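The figures here come from the full heavy-atom set of this structure, side chains too, leaving out hydrogens, waters and symmetry mates. Keep in mind it's a predicted model, so treat the numbers as computed, not measured. Every chain is numbered from 1, with letters handed out A, B, ... down the list of sequences.
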Amino acid sequence: MIDIQLLRKDPAAVAKRLSTRGPGAFDVEQFQKFESARKNLQTAVEQAQASRNKIAKDIGQAKAQGKDVAELLAQGEKLKTLLEQSEQQLNALQAAFQDFLGRVPNIPHESVPVGEGAEQNREVRRWGEPRKFDFPVKDHVDIGEGLGGLDFATAAKIAGSRFYVMRGAVARLHRAIGQFMLDTHTREHGYTETYSPYMVTSACADGVSSFAKFKEDLFKIDGRDLYLIPTSEYSVTNYVREEIIPLEKLPMKYACHSPCFRSEAGSAGKDTRGMIRVHQFDKVEIVQIVHPEKSYAAHEELTSHAEAILKKLELPYRVMALSTGDMGFAAAKTYDLEVWLPGQNAYREISSCSNYEAFQARRMQARFRNEKGKPEHVHTLNGSGLAIGRTLIAILENYQQRDGSVVIPAALRSYMGGEERITK
RNA sequence: GGAGAGAUGGCAGAGUGGUCGAAUGCGGCAGACUCGAAAUCUGUUGUACCCAUCGGGUACCGGGGGUUCGAAUCCCUCUCUCUCCGCCA
């Protein structure tokens, strides 16, 4: 939710900034219609309520003095019918208004490159040199299947497309990657490890994004108001929902390893091969709840924490500042980390680090008590640190050898019983 | 799964139809006392919204609905928490 005060003060300016996200991000005229209708109705309702309260109070006093209250009672009854009608109108209007506001995306930060889509994303920096191969490179599917460690056919038999089965050393490597990431963030970056529900209510989903707009992307539990998390951001960020956090508790930093479930509705035909785009994958998410003045420093810091994993694994990557047209609904600013995949001869997203400013906090009603003792919305941030499945892909492809084996990155060897290589 | 109890402000806790946005205590803030602190005393202390210059008004006592001129208080329903019994990884 964007700041309603800001909207009221200068809707045109807000509309202008939102228009950089693409057409139809925000309808100013519709907003102003809602606003004036709301003002009129609300004023009328509140006046009627004031008279109702007055009459009720008068009846109480009159009764106490033993006076006749018939006249007042009649007045009250008349007002009641009237009030019920206008209250209903106001409620309906406010529900529609809320729905409208809930679908308005966040305002991009000034530093975000303006553009229509991914083509206008700006490369911020690049790290590592893609390896030169003196043999034909394979992609992770061929490498993984060659090792007997990746099996898409069996997964399809069990659950359909966009799933995978891992066996043996590859499954173990997958587990090692998650451990390594969680250990790095908790020991070196100051995050608290957390374990969290894999399902959330629609209210929580709406706290971090727009449930109305994006519910098709989530898997629903049949017959219940519960949804499988597409990222543990959905679960962990909501820790602070409806809370007033003491100033000294900020910043809060959590690292969470969880599976993520995505319906991938609307991405039919895209990345159909392998485990790039799947219904279920593991991810270590890092989340920060911070003081508003510190969120942009925290954003740089959090991004560097995700980068640290890639550096330790010696995987070449680049950092992209997403353009206004490519950014997610709730983000004010996003950096994507893209890892080099030799099998695709391209950089592919492996992490997305965003500052949401107070957008999610307003939706969740997450506040802290500021220096003046007044409740104020916190700023929330999160980033993948990293997507484990895609990290596995990157390792298989970047560390592949001519004979089909895969060298284990030095940073992971202690998690793999000291082994240096995965062979068939 | 069965039986019962409960949900009130930052916290604890009173309040069973009208003068209750809500006693009291703790905590917080300000002041007095003190060289300073503690103790003590005094005052103050919820959030959101609407109209307006001062100021006035509305809503909120777990969520939703109902009864009533009037609901924290009565009724229905949902959620959550606690206790006991049963079952169980």
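For residues 295-310 of chain A, the salt bridge (Lys or Arg N to Asp or Glu O under 4.0 Å) pairs, not counting sequence neighbours, are A:Arg125-A:Glu307, A:Lys253-A:Glu301.
Atom CD of A:Glu376 is separated from atom P of B:rU47 by 13 Å (rounded to the nearest Å). The interatomic distance linking A:Gln94 (CD) with B:rG64 (P) rounds to 13 Å, in whole Å. For the pair A:Leu226 CG and B:rC80 C1', the interatomic distance rounds to 14 Å; values are reported in whole Å. As rounded to whole Å, 21 Å separates atom P of B:rU68 from atom CG of A:Asp58. For the pair A:Glu248 CD and B:rG27 P, the computed distance is 17 Å after rounding to whole Å. Across the protein-nucleic acid pair, A:Glu371 atom CD and B:rC29 atom C1' stand 16 Å apart, rounded to whole Å. Between A:Leu90 atom CG and B:rC49 atom P the separation is 15 Å, expressed in whole Å.
Pairing analysis of RNA chain B (Watson-Crick: purine N1 to pyrimidine N3 plus N6-O4 or O6-N4; G-U wobble: N1-O2 and O6-N3; both under 3.5 Å) yields stems of 3 or more pairs at B:1-7 with B:79-85, B:10-12 with B:24-26, B:27-32 with B:40-45, B:46-51 with B:55-60, B:62-66 with B:74-78.
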Which protein N or O atoms sit under 3.5 Å from an N or O of nucleotides 17-20 of chain B?
residue, atom, partner, partner atom, Å
B:rG18, O6, A:Lys63, NZ, 2.8
B:rG18, N2, A:Ala56, O, 2.9
B:rG18, N3, A:Ala56, O, 3.4

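At B:rU47, one or more side-chain N or O atoms of A:Lys374 fall inside 4.0 Å of OP1 or OP2 (strictly under the cut-off). OP1 or OP2 of B:rC51 lies within a sub-4.0 Å distance of a side-chain N or O belonging to A:Lys39. In this model, the phosphate group of B:rU47 is not approached by any side-chain N or O of A:Arg367 to a distance below 4.0 Å at OP1 or OP2.
Side-chain rings of A:Phe261 and A:Tyr198 stay apart, their centers remaining 6.0 Å or farther from each other. For A:Tyr227 and A:Tyr234, the distance between ring centers is not under 6.0 angstrom. For A:His379 and A:Tyr296, the ring centers sit 6.0 Å or farther from each other.
A donor-acceptor distance shorter than 3.5 angstrom exists from the side chain of A:Gln400 to the backbone of A:Lys138, with no hydrogens or angles considered. Listed for the A:His305 side chain is no donor-acceptor partner under 3.5 Å among the backbone atoms of A:His185.
Comment: A:Glu264 engages A:Arg277 in a salt bridge, judged by a side-chain N to carboxylate O separation of less than 4.0 angstrom.
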How does protein reach along nucleotides 52-59 of chain B, written 5' to 3' as B (base within reach of a heavy atom under 4.0 Å), S (only sugar-phosphate), or - (no contact)? -----BSS
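With sequence neighbours excluded, the residues that form a side chain to side chain donor-acceptor pair (under 3.5 Å) with A:Asn370 are A:Glu376. Every side chain to side chain donor-acceptor pair (under 3.5 Å) that A:Tyr239 has, sequence neighbours left out, goes to A:Thr194, A:Ser196.
Counting only heavy atoms from C-beta on, A:Thr43 has its side chain closest to B:rC51 among B:rC69, B:rC51, B:rU47.
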